[in-house]
Amino acid sequence: MNGARRIVRLLRGDPRAGQVVPPSGFTARLTQFTSGAMAFLAVFAMALSFSAGHLAERWSQALARTATVRISAPEGQMEAQTIAVLEVLRTTPGVASARPMSLDEQRALLEPWFGPDLPVETLPLPRMVELTETAEGVDAEALRLRLAGEAPGAVLDDHTRWRRPLVRAADRLRGLGWLSIGLIGAAMAAMITLAANSALAANAQVIEVLRLIGARDSFIARAFVRRFTRRALEGAAIGTALAMLAVAFLPGEGDDGFLSGLGFRGWDWLWPLALPPLAAFVAFWATRFAAFRVLKGVT
Amino acid sequence: MRLKPVRGSGITRAGTKAERGVIELDNVSHSYGDGDLLSNVSLTLAPGAFHFLTGPSGAGKTTFLKICYAELLPSAGGVRLFGGDLRRMDRDQVARTRRRIGVVHQDCRFLDHLPLIDNIALPLLAAGLDPVSERDNIDELLNWVGLRARAGALPPELSGGERQRAALARAVIMAPDVILADEPTGNVDWDMSLRILQLLIELNRMGKTILIATHDLHLIRSAKPLVAARVLRIKDRQLHLAGADL
């Protein structure tokens, strides 16, 4: 409770201590703008990171336990090879279930490329058998050998070949999102330090007078720190709110696409709310560091 | 009010009794790079003493005062403020010590964005006191220096004399033990000079130690009938006790 009170007191500021520093319009706007812009970008980086994380998870879960057997055989052998494949799968350890896909399901798979009215039944399409693995999984190499023996037109596709790089890419994208948030935070700290340095340099005479009348370094630093912390908090709150609105209104058309899935879900929406206090924290330490560095040069 | 005497009747005047000084300089030298400005200067300011410091322009009067309130560290020698060795003080101790020394700077050094009353109250604020609760004292102080009607004026709106009196008010707001004034009558007419001198003499009667740096010998002569003042002169980088020539 005491800590919370101290934070509230810090943010509310001491108007009497604050008044010793002249109002500085330019640095005030610069700090607020910087903080707001950085928070805006950080929300998007966060959304990107969360989306990439969800995507990686979804791909990983959806594809990890499934595989497909594709049967390409002459018209007369298709049914026999399908039965043979199902029999092989039924007796293969690690296969939980196996079923041939219906023509409607195959049409749905091809719809994105050929449109909804594709006459699937007239095309020489391979037959697809979907299998679900148990937790132990299937020995893919052994299954391939058995399929080659029982149904020469059957090819096992366990998705691993193209699943791994996709999941790895999504994971990297998530990492890049968090790295971006870190870089944005560092850039904000640097910019606020520059703005604070500029304000401190512009008020060198004020600092000198305050020291000469007996002000301690902490009193002088506090006057600047409070001001910059408050500005950073205000700017970041505005930037975060705008970015959250923008993310909320991003067009979304389901979970399948990456860009259409960019955004926050459920509890994810709470994460951006941490940005304004984080910006205030960064501003607090950046300004404090700058103030004490400048004060060291004043007797 | 903070301005009221802070010492009893047993005030020891400078030179009448060997006593630990409020400000002590021991063989102090200072240079700005091209030779010494002050060389082996020693002085003990006893509590309640009244000193003038004179000398030609550029002799080192301002430098001397700056060393006395720790704005400058001397190149060599020791400085003790209220018994504490300046070189051993940390920055917070220096700040606390400065609250016991009121300084009237030649250029007054106000914060131009604050009205006069807030400038005068600034040392209270810096010391963590509440200027609002001290409002009566501040008003009384403004009356004392004749600036009550100008309380809301910004420093750039004040005349030279008003600025000097305001600087004096700010210097005494914390009831300091010592008041150092650097050419406090430098930019004012003779009548105002006498008024400022009178205010400083009043403060001395309240027990404050006063050191005034001035090149105005008329001012020093005017003070002689009113206060037992010692006159120090900086000449050839040394501090001398001035005699009958004044």
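Per chain, numbering begins at 1; letters A, B, ... match sequence-line order. These numbers were taken from a predicted model, which means no experiment stands behind them.
- Counted within 6.0 Å of NE2 on B:H215, heavy atoms from surrounding residues, nucleotides or ligands total 12 or fewer; the atom is thus considered open.
- To the nearest 0.5 Å, the span separating NE2 on B:H105 from CD1 on A:I213 amounts to 9.0 Å.
- Options A:L212, A:D217, A:N203 differ in how many heavy-atom pairs under 4.5 Å they form with chain B, and the most are formed by A:L212.
- At a 4.5 Å heavy-atom cutoff, the contact between B:A70 and chain A is made by backbone atoms alone.
- Contact record, B:R170 with A:V209: NH1-CG1, 3.9 Å, taken as the closest heavy-atom pair.
- To the nearest 0.5 Å, atoms OH (B:Y69) and OG1 (A:T299) are separated by 8.5 Å.
- Counting non-hydrogen atoms of neighbouring residues, nucleotides and ligands closer than 6.0 angstrom, the CD atom of B:E202 exceeds 12 such neighbours.
- For A:V206, the parts lying near chain B are the backbone and the side chain together; criterion is any non-hydrogen pair under 4.5 Å.
- Looking only at distances, a side-chain donor or acceptor of B:R91 sits under 3.5 Å from a matching main-chain atom of A:L295.
- In this structure, the portion of B:L111 lying under 4.5 Å from any heavy atom of chain A is its side chain and not its backbone.
- Ionic pairing of B:E71 and A:R211 is not present here: no N-O contact between side-chain nitrogen and carboxylate oxygen is shorter than 4.0 angstrom.
- Of the possible donor and acceptor atoms, none in the side chain of A:R216 sits under 3.5 Å from a partner among the backbone N and O of B:D92.
- For B:R87, the CZ atom counts as densely surrounded, since its 6.0 Å shell holds more than 12 non-hydrogen atoms of other residues, nucleotides or ligands.
- Heavy-atom distances place the side chain of B:D118, and not its backbone, under 4.5 Å from chain A.
- Taking all atoms of both residues into account, the shortest heavy-atom contact from A:A215 to B:A95 is O-CB, 3.7 Å.
- Counting heavy-atom neighbours within 6.0 Å of A:W271 CH2, excluding the residue itself, gives a total of 12 or less.
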